[in-house]
Amino acid sequence: MFLKKSTSKSTVKNVITHNAYADKSYIFKDDTFQPLNKLTYNTSNFITSYVNNKDVIHTNINISRSIPEEDIADILDIKAYEELGLDQANSYIISSFEVESSGEEREYHIFVAEPEALDERFLSVKQETKYLDFIVPAPLLYKPLY
């Protein structure tokens, strides 16, 4: 739950965030985010971005705990297609992670995206930097905050 401080040296020198929707980049330097004029390839950069909720489908899926570990990925894919009504003729990027739960069923958060939508949004960044280290879905707010 808590992260331990690593004793090994990190090769990451710069953290760069990129807003693919506004085509703006920022570098985390000297404990502040500063605008970055141009993205470039550098192996010491850690490049992160986010994907908007309109480009991702999110759901929760429950499966039995009796399912063997090697079958879980296939079952989650099948259930995602069934429960979300995805077109069988199309391919999708499906990502999941398990949520701690008690009881007879395991609960997973499922994220589904169309590869074409992600390519359209992130291809230019990928061409400039050669690699995106981390793409996270935008936060979901289910209730207004007061």
K.L.:
Is any side-chain heavy atom of Phe46 less than 4.5 Å from a side-chain heavy atom of Phe134?
P.N.:
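Heavy-atom side-chain distance check passes, below 4.5 Å.
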
K.L.:
Could you go step by step and tell me if Glu128 and Ser25 meet the side-chain contact (heavy atoms from CB on, under 4.5 Å) rule?
P.N.:
CA-CA 12 Å; Glu128 292 174 10; Ser25 299; over 6 Å; no

K.L.:
Enter the distance from Asn45:CG to Asn14:CG here, rounded to the nearest 0.5 Å.
P.N.:
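Here the rounded value is 5.0 Å.
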
K.L.:
I'd like to check the ring pair (Phe, Tyr, Trp, His ring centres under 6.0 Å) partners of Phe122; sequence neighbours left out, ordered by chain and number.
P.N.:
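Applying ring pair (Phe, Tyr, Trp, His ring centres under 6.0 Å) to Phe122 gives none.
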
K.L.:
Enumerate the side-chain hydrogen bond (donor to acceptor under 3.5 Å, both in side chains) contacts for residues 66-79, please, sequence neighbours excluded, ordered by first and then second residue.
P.N.:
Ser64-Ser66, Glu69-Arg106

K.L.:
May I have all residue pairs that pass side-chain hydrogen bond (donor to acceptor under 3.5 Å, both in side chains) and include part of residues 115-124, sequence neighbours excluded?
P.N.:
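Found none.
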
K.L.:
Taking the six-membered ring for Trp, are Tyr21 and Tyr50 closer than 6.0 Å centroid to centroid?
P.N.:
yes

K.L.:
Side chains of Ser44 and Asn42: donor-acceptor distance under 3.5 Å anywhere?
P.N.:
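Distance-only check passes for Ser44 and Asn42.
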
K.L.:
Is any side-chain heavy atom of Ile63 closer than 4.5 Å to a side-chain heavy atom of Glu105?
P.N.:
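Not in contact.
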
K.L.:
Assess the residue pair Ile57 and Tyr92 against the criterion (side-chain contact (heavy atoms from CB on, under 4.5 Å)); give the C-alpha distance rounded to whole Å, side-chain angles, the decisive distance to 0.1 Å, and a yes or no.
P.N.:
CA-CA 11 Å; Ile57 303 169; Tyr92 298 91; 5.9 Å; no

K.L.:
Quick one, Val136 and Val51 - any side-chain contact, counting heavy atoms below 4.5 Å?
P.N.:
no

K.L.:
Without hydrogens or angle criteria, can the side chains of His18 and Ser49 be said to hold a donor-acceptor pair below 3.5 Å?
P.N.:
no

K.L.:
Around Asp87, counting heavy atoms of other residues, nucleotides and ligands shown, do more than 12 lie under 6.0 Å from its CG?
P.N.:
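Atom CG in Asp87 is crowded, with more than 12 foreign heavy atoms closer than 6.0 Å.
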
K.L.:
Take Tyr26 and Ile16, measure what side-chain contact (heavy atoms from CB on, under 4.5 Å) needs, and give me the verdict at the end.
P.N.:
CA-CA 6 Å; Tyr26 300 89; Ile16 295 174; over 6 Å; no

